[in-house]
Amino acid sequence: MDRDLASFPPVLIVVAVTVTALLASPARAQSEPELRWGGDAEGGAPFVEADPQDPARLIGFDVEVAELLARGLSQSPRFVQVPFTSLEASAARGDFDIGLSGIEDSPARRVRLAVTVPYYEFREILTVRETDRARFRTLADLRERRVATLAATLAYDMLVAAQATDGIIPVTYEDDVHPYSDLALGRVDAVVLDYVLAERGVSRNPGLANQEPSLGVGHYVGVLAPGNSELRDRVDELLRQAMRDGRLEAIFRRWGMWNEDQPRLYARVLASSATEMVPASAGAAGLDVWEATRRYAPSLVRAAVITLVISCVAMALAVVVGALIASGRVYGPRPLQSLLTAYVEVIRGTPLLLQLFVLYFGLAEVVQLPAFLAALIGLGLNYSAYESEIYRGALEAVPQGQLDSARTLGLTGPQTLVLVRGPQAFRLALAPMTNDFVALLKDSSLVSVITVVELTKQTSIFAANIGTWLVPGALCAAMYLVMSLPLARLARRIEKGWRRG
Amino acid sequence: MITLDVRDVTMERGARIVLRGVTFSANRGELLALIGMSGTGKTSLLRAISGLDPIKTGEIRVGDVEIRAGRTLRLPELHRSVSMVFQFHHLFSHMSALQNVWLAPVHVLRQPRSAAEGRARELLEMLGVGSRADAMPHELSGGEAQRVAIARALAVEPGVLLMDEPTASLDRARRGDLAATLLQVAAQGCTVVIATHDTEFVGACAHRVMMLNDGRIAREGKPAEF
């Protein structure tokens, strides 16, 4: 027995221990009831973040609110990590009991989810560069300018409305850190987000300033699955108690967020059985799905065009760079061959998502690529590695007899490549290239992480606003197919043409 | 006038010695046949003369161009003097018969495209495959493909035409036609060297025969002597 264990590879032991620990945890959960609460630790302080002293521990005012609620329910809090923009869909699915992560109250949310009483009031703040303070005072001053915010927020709805009235260009981010760093770099001209985020953004980026007065008022609420109004009512009661006895105030004071708006909010909440809050934006929640689809269709088509343009240009870049790499690897001197092999392995061996982050955010201090350009370069260079392998294989698959023929006719090396080897290799490469183009078309959805709104991103905004993925998802899938199917047919036609001659 | 001069050529393929000191020369307009069993070095000799494979020692002179061991060849120059038809033709598979023929005149000899194309049609007509000008290689029969390959080799107007196993893909009637064609090519001043083990074909067209054995010329003489 001992000998068996000794011969067990260490990796397997680690795996076995981990699996045992994972299997054991539900048993623990049964012995002590848990309040599963959802949030996004990427949102950072003061909401939810990993404790810098002990990254395994979470800190933030939402963490403390969750603890307060769990204590009141005689449960222990358990955190469930969910990306901020997916919190609503995740709550509706029942991935957690309650979502607490600086989630804003909105009429749309109230239609789709069980929403608690507000526990914090914030103001929407316009942030600009210090040097623009005098000229960009309101959204109306920002015609044709890029204004950043976080996707799926009240501020986003405000910017979409301002796009129609004031001609601003909304730019959405997946996190609340990069809007401010990009503002400091000049990639956008203003940011609209809530006061808490704006204060933090200004303190982290010297040279930024928050404008007065605020553009609007919003509230943080907890969200629960629509059928879970029983728990919601208990949570509401716990929040009201915490408002009365000052525990909520203590939490916000600890995080430096207490201000004179809060007592007024608490007085209103305590005075009414249900919250009466004036919606800042009507949103699309009241519409039926078909009406909403009709309204969103033009923006989906625009986003599909962006997807198509990005895919085509990135593929063209990938083909050109890939052909150069393949030629270098087949014909080049040995050091160049090794260098190109290393390039291909690094690009293929690391995630495209990481490459996009590095290109757009990582290099921003050295060179500030516009988002669209960074998307093209990122996708293009990533796919160039795959293309180059296809071309190298294809070049090496051209029969030696063809090359001998070319030599005995007196064609030079470059002539042989251009007139004989290249065209024949291209025929061999067409099918895998078509395959790659279809893959690229779908991978292009990743560029939404660097603020480019393409088809998938637009669809998810659409879905978030109307509260269902069913229709937007089907529509989005249909649009991808409309783009990829003709291409596959074209490739088959070309191949047939070659066979005929 | 000597257009092809081979002096003491040796050649290795990996660890194997395939040519062990071959010496011969051929005159303008001569049709020379290399015969011998498989693996005696016929194809290797043709590949050495066409500059495809390097030789170990000796020298080969084709027209004005000299091939020596260990020296980089100026291939485009060499291939204005020598042209080769492979056993399996190796027509460019992505081009029509006609394109195969005018490719080198346009890109190597820098002839105008229209002139080269006209000449290519003439050559295909002369070889009896004019009607197949627009066919792709995979649509041609073995005999047709070979005649297109000959047209392609002749289009660069070589001083020396090399052919490897020219009758391998031909029936008896077609062999007679090919013999006539090669004699016609030779009569126009081109030196023709064929490697074959078809002695009947050799008897029908060769001016002179050399028999290779184990990388050496074992016998040499008139076709009737073999």
Side-chain angles (χ1 to χ4, degrees), chain A residues 319 322-323 326-327 330-334 336-337 387 390-434 490-501, chain B residues 43 46-47 49-53 65 73-110 132-140 148-149 152-158 160-164:
Chain A
V319 167
S327 309
V330 173
Y331 291 102
R334 191 140 298 239
L336 180 68
Q337 285 183 14
E387 293 313 292
I390 294 174
Y391 303 152
R392 188 175 64 88
L395 281 173
E396 283 168 357
V398 172
Q400 184 61 36
Q402 298 281 317
L403 306 182
D404 285 350
S405 266
R407 275 183 76 183
T408 59
L409 287 171
L411 294 176
T412 61
Q415 280 178 326
T416 304
L417 178 61
V418 172
L419 297 168
V420 179
R421 200 175 190 184
Q424 293 196 13
F426 182 63
R427 282 157 165 72
L428 296 171
L430 185 72
M433 272 172 76
T434 315
L490 178 71
R492 271 198 295 276
R493 285 247 299 268
I494 293 176
E495 280 180 346
K496 245 189 209 153
W498 283 339
R499 249 172 277 138
R500 268 199 306 272
Chain B
T43 300
L46 293 190
R47 289 182 68 90
I49 296 169
S50 65
L52 284 175
D53 294 333
V65 186
L73 282 174
R74 307 245 331 128
L75 281 169
E77 267 174 43
L78 172 68
H79 292 120
R80 259 160 233 178
S81 309
V82 63
S83 191
M84 175 139 165
V85 178
F86 295 88
Q87 179 177 357
F88 300 108
H89 323 310
H90 300 326
L91 291 177
F92 299 128
S93 57
H94 62 299
M95 294 178 174
S96 70
L98 189 67
Q99 284 174 306
N100 261 280
V101 179
W102 62 247
L103 184 77
V106 169
H107 292 283
V108 180
L109 305 180
R110 304 279 167 207
R132 305 295 280 148
D134 295 322
M136 297 300 283
H138 68 268
E139 297 167 322
L140 300 171
V148 173
R152 179 173 73 171
L154 293 177
V156 293
E157 290 167 9
V160 176
L161 174 67
L162 309 173
M163 289 189 82
D164 196 8

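Naming: A, B, ... by sequence-line order, numbering from 1 per chain. This is a predicted model, so every value here is computed, not measured.
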* Taking C-beta and beyond as the side chain, do B:L109 and B:E157 meet within less than 4.5 Å on heavy atoms? -> no

* Asked: Using non-hydrogen atoms only, which part of B:V82 is less than 4.5 Å away from chain A: side chain, backbone, both, or neither?
  -> backbone

* Side chains of B:S50 and A:R407 in contact at under 4.5 Å (non-hydrogen atoms) -> no

* **B:L162 versus chain A, the contacting section by heavy-atom distance below 4.5 Å** => neither

* Heavy-atom contact with chain B under 4.5 Å, split by part of A:Q402 -> both

* Asked: Less than 4.0 Å between a side-chain N and a carboxylate O, is that true for B:D164 and B:R47?
  -> no

Donor-acceptor contacts under 3.5 Å from residues 96-108 of chain B side chains, at least two apart:
residue: B:S96; atom: OG; partner: B:Q99; partner atom: N; Å: 3.2
residue: B:S96; atom: OG; partner: B:Q99; partner atom: OE1; Å: 3.4
residue: B:Q99; atom: OE1; partner: B:S96; partner atom: N; Å: 3.0
residue: B:N100; atom: OD1; partner: B:F92; partner atom: N; Å: 2.7
residue: B:N100; atom: OD1; partner: B:R152; partner atom: NH1; Å: 3.1
residue: B:N100; atom: ND2; partner: B:F92; partner atom: O; Å: 3.1
residue: B:N100; atom: ND2; partner: B:M95; partner atom: O; Å: 3.2
residue: B:N100; atom: ND2; partner: B:S96; partner atom: O; Å: 3.2

